[in-house]
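Just below is one structure, and these are the notes that go with it.
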Amino acid sequence: MKTLIENLLRQALAALPPELVSAAARDMSPEVERTRDATHGDFASNLAMRLAKVARQNPRALAQALIAAMPADAAIEKVEMAGAGFINFFLRQDAFHREIATILARGPEYGRSNLGKGQSLMVEFVSANPTGPLHVGHGRHAAFGATLANLLAAVGYRVKCEYYINDAGRQMDILAVSTWLQYLRLRGEEFVFPANGYRGEYIIPIAARLNAAVGAKLQRSTAEVFGGLPPDEPQGGDKDLYIDALIARARELLGADGLRQVLDLALQDILGDIRGDLAEFGVHFDTWFSERSLTADGSIDRALAKLRETGHAYLKDGALWFRSTTFGDEKDRVMVRENGARTYFASDVAYVFNKLERGFAHLLYVLGADHHGYITRVRAVLLALGGPAESFEVRLVQFVSLFRGGQKAQMSTRSGEFVTLRDLRREVGNDAARLFYVMRSNDQHLDFDLELATQRSNDNPVYYIQYAHARVASVLRQLQERGLKADTANGLASLSKLASPQETQLQKRLCAYPEMVEVCATQRAPHMLVHFLRDLANDFHTYYSAQQFIVEDVEIRDARIALALATQTVIRNGLELLGVSAPGTM
RNA sequence: GCGCCCGUAGCUCAGUUGGAUAGAGCGUCUGGCUACGAACCAGAAGGCCGGGGGUUCGAAUCCCUCCGGGCGCACCA
């Protein structure tokens, strides 16, 4: 509907006499938007006002000229000039009726389009370190990323979702040591746990599985393990030095293979938990990309070599640097340290390199707000590797604060004091969690009040929206119980009999759905879909209260049921994109 | 100190990238079930869009500057 009006405006613009509008102004693309106020029609354009500036003409006169030059169209009732030079479009009722028929005909496909023209796009999200279970913050990333991916796929992009597994580096050593220490405890050793180790309780069952797998093979005495180590933080030492010494000690005592065995067991265990958690949450990834594989397949070497060849990398003070200042970074970044060890950033370089090698036309990163300082250097890598600037995009997700009984809960993987995504899902359910997570803009802090979400009150629009869907199902059940059948074709043919304000309002809202999906996808704004669905549910509940569906008059009855079915279809399609179920009964 | 995000009704938040009279939910107040599901509906009250300057036909939206809140600025991961 919107594109139809844009085309009309474009034709009118092209038909304007040259003395009125210059050739340059003729290229202006018309902006059309839904009106907020019904007295302004269904759609409005500010084209004449924007044109007025360029052409140095009176906007109201230009609007009149545009209206006069506009070809007639069967869907348009009338076109008016209003205010400072707005052009308001009033659509004929049957334009809406045809759209209702389209909704029923396309069913689950309604709202899908080919805006993206099959362009390949990767969304990377969550990518939480596999050192413990996902917590409520990761849940927001999962819900946001998955919904965004759904929206982009719905408008015609070829979307792949990827989870980057940070399975290399020091944190993995810390995980291995933490697991090993818990194993030693299970075997009766007594000692103080390192300040910088992972102390979460989730480590204990992993240690138990290690114990079941290896028995006493990896057991060492407390004296062997801790003898001669520097002091830990609580004893006035440095927690980083201490944990590093402990890692070195573990490697001495168990050998690289022994420690690797502990690590792999812990990693597989935790990763399995994360995968299962996300799958239950309805969040699916096409690929789980291992950081280690970047070393194994030579991506890091190739990426660094390419940067050196192209002059974007250089040696200084014995270290290999990336010249990110060329691309606006505040300082250059080290990739290989003086001691020969690669930094985490080297992996990031290789990962971007790898994504480009795989041929994605667009790279979308969903990152935590605390990673914003990191965007410039990743973009720099992409540019240095020859990727186009437009192909790189980052969306930041702000923090989630968890409230329980008005009290803010602390979240830290190290200390083990956090509420997991699993706990949250168990408490409020997947549907409420998915919707709650995306109902606010991603760059807004989210206060997640568990008590409120558990109350199942109207604070949480998920019930409100689902109820509208279930009500339609209920009407259909009633119809059946009374031995009546809905004739959809007859209903669609009789839509002109529906003229109440509620019916008009509902029809207009339904027809706006495809535009809504496009806007949500283009703006990367899933929360707008939630608001749309809530408004749609409101329109339906209002209608439901004002009118009876199952009435004597067959044409009116069928028409109302057709409208109810269209509502159900749009709500179901919208909820599907949000990853929320659309129940027939509640 | 520099950078990013945020500041809109009592509370939690929208506001489709500069449009017409500023929008919801919760809370408060008033009404509506012998009804296809009251998990609902209708109505009312509630605003200096953090303050101040600017840009223009037009600003919650863009620019500058203060004020307040969050986060980030490693040869860590």
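In what follows, every chain begins at residue 1, and chains take the letters A, B, ... in the order their sequences are listed. The structure displayed is predicted, hence computed values, not measured ones.
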Parallel, tilted or perpendicular, as decided by the 30° and 60° cut-offs, for the rings of A:F540 and A:Y544: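 The rings of A:Y544 and A:F540 sit tilted, inter-plane angle from 30° to 60°.
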Contact class for [X] (heavy atom, under 4.0 Å): base, sugar-phosphate, or nothing?
X: A:A44; value: base
X: A:F399; value: sugar-phosphate
X: A:E338; value: base
X: A:Q398; value: sugar-phosphate
X: A:Q547; value: base
X: A:H541; value: sugar-phosphate
X: A:R534; value: sugar-phosphate
X: A:T376; value: nothing
X: A:N88; value: base
X: A:D370; value: sugar-phosphate

Residue-level proximity of residues 320-333 of chain A to RNA chain B when a heavy atom falls under 4.0 Å: A:W321, A:E330, A:K331
Test of understanding: with side chain to side chain contact (heavy atoms under 4.5 Å, CB included), list the residues that count as partners of [X], not counting sequence neighbours.
X: A:R379; value: A:I375, A:L383, A:F392
X: A:A38; value: none
X: A:D42; value: A:L91, A:F96, A:K508
X: A:N490; value: A:D487, A:S494, A:V554, A:E555, A:D558

For B:A59, the Watson-Crick or wobble partner whose two distances fall under 3.5 Å: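 With both distances under 3.5 Å required, B:A59 matches none.
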Which nucleotide sits closest to the side chain of [X]: [options]?
X: A:M586; options: B:A39, B:C75, B:G19; answer: B:A39
X: A:R36; options: B:G37, B:C75, B:A20; answer: B:A20
X: A:T585; options: B:G37, B:C13, B:U17; answer: B:G37
X: A:Y344; options: B:C75, B:C13, B:A77; answer: B:A77
X: A:F549; options: B:C40, B:C36, B:A77; answer: B:C36
X: A:Q444; options: B:C36, B:G37, B:G7; answer: B:G7
X: A:H40; options: B:A20, B:C36, B:C57; answer: B:A20
X: A:Y463; options: B:A39, B:C57, B:C36; answer: B:A39
X: A:D37; options: B:U21, B:C40, B:C57; answer: B:U21
X: A:S545; options: B:C41, B:C71, B:G37; answer: B:C41

Heavy atoms, side chains only, cut-off 4.5 Å: are [X] and [Y] in contact?
X: A:E80; Y: A:F89; answer: no
X: A:H527; Y: A:M439; answer: no
X: A:I571; Y: A:V472; answer: no

5' precedence on RNA chain B between A:L476 and A:E291 (nearest-nucleotide basis): A:L476
5' priority, RNA chain B, between A:H445 and A:R471 [closest heavy atom]: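 With A:R471 and A:H445 compared, the 5'-side residue is A:R471.
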Interatomic distance where [atom1] belongs to [X] and [atom2] belongs to [N] [whole Å]:
X: A:D447; N: B:G70; atom1: CG; atom2: P; answer: 13 Å
X: A:F436; N: B:C26; atom1: CZ; atom2: P; answer: 14 Å
X: A:R440; N: B:C11; atom1: CZ; atom2: P; answer: 14 Å
X: A:Y464; N: B:C41; atom1: OH; atom2: C1'; answer: 8 Å
X: A:L367; N: B:G3; atom1: CG; atom2: P; answer: 21 Å
X: A:L446; N: B:C6; atom1: CG; atom2: P; answer: 15 Å
X: A:F43; N: B:U16; atom1: CZ; atom2: C1'; answer: 12 Å

Distance-only donor-acceptor test, A:E515 side-chain atoms vs B:U16 base atoms, 3.5 Å: no
side-chain N/O A:Q480 vs B:C36 OP1/OP2, d < 4.0 Å: no
Under 4.0 angstrom between A:H527 side-chain N/O and B:G15 OP1 or OP2: yes
Chi-based syn or anti call at B:C33, which uses purine or pyrimidine torsion atoms and a 90° bound: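 In terms of base orientation relative to the sugar, B:C33 is syn.
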Where the chi angle of B:U17 falls, syn if within 90° of 0 and anti if not: syn
Gap in Å between the two C1' atoms, one belonging to B:A38 and one to B:C33, rounded: 7 Å
N-O pairing of A:D443 and A:R395 below 4.0 Å: no
side-chain contact (heavy atoms from CB on, under 4.5 Å) between A:Y198 and A:I270, worked out: CA-CA 13 Å; A:Y198 293 115; A:I270 290 171; over 6 Å; no
Stacked pair A:F86-B:A20, distance under 5.5 Å, angle under 30°: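 Yes, the aromatic ring of A:F86 stacks with the base.
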Listed pairs, N/O of protein and of nucleotides 42-46 of chain B, under 3.5 Å:
{"from": "B:A42", "atom 1": "OP1", "to": "A:T542", "atom 2": "OG1", "distance (Å)": "2.9"}

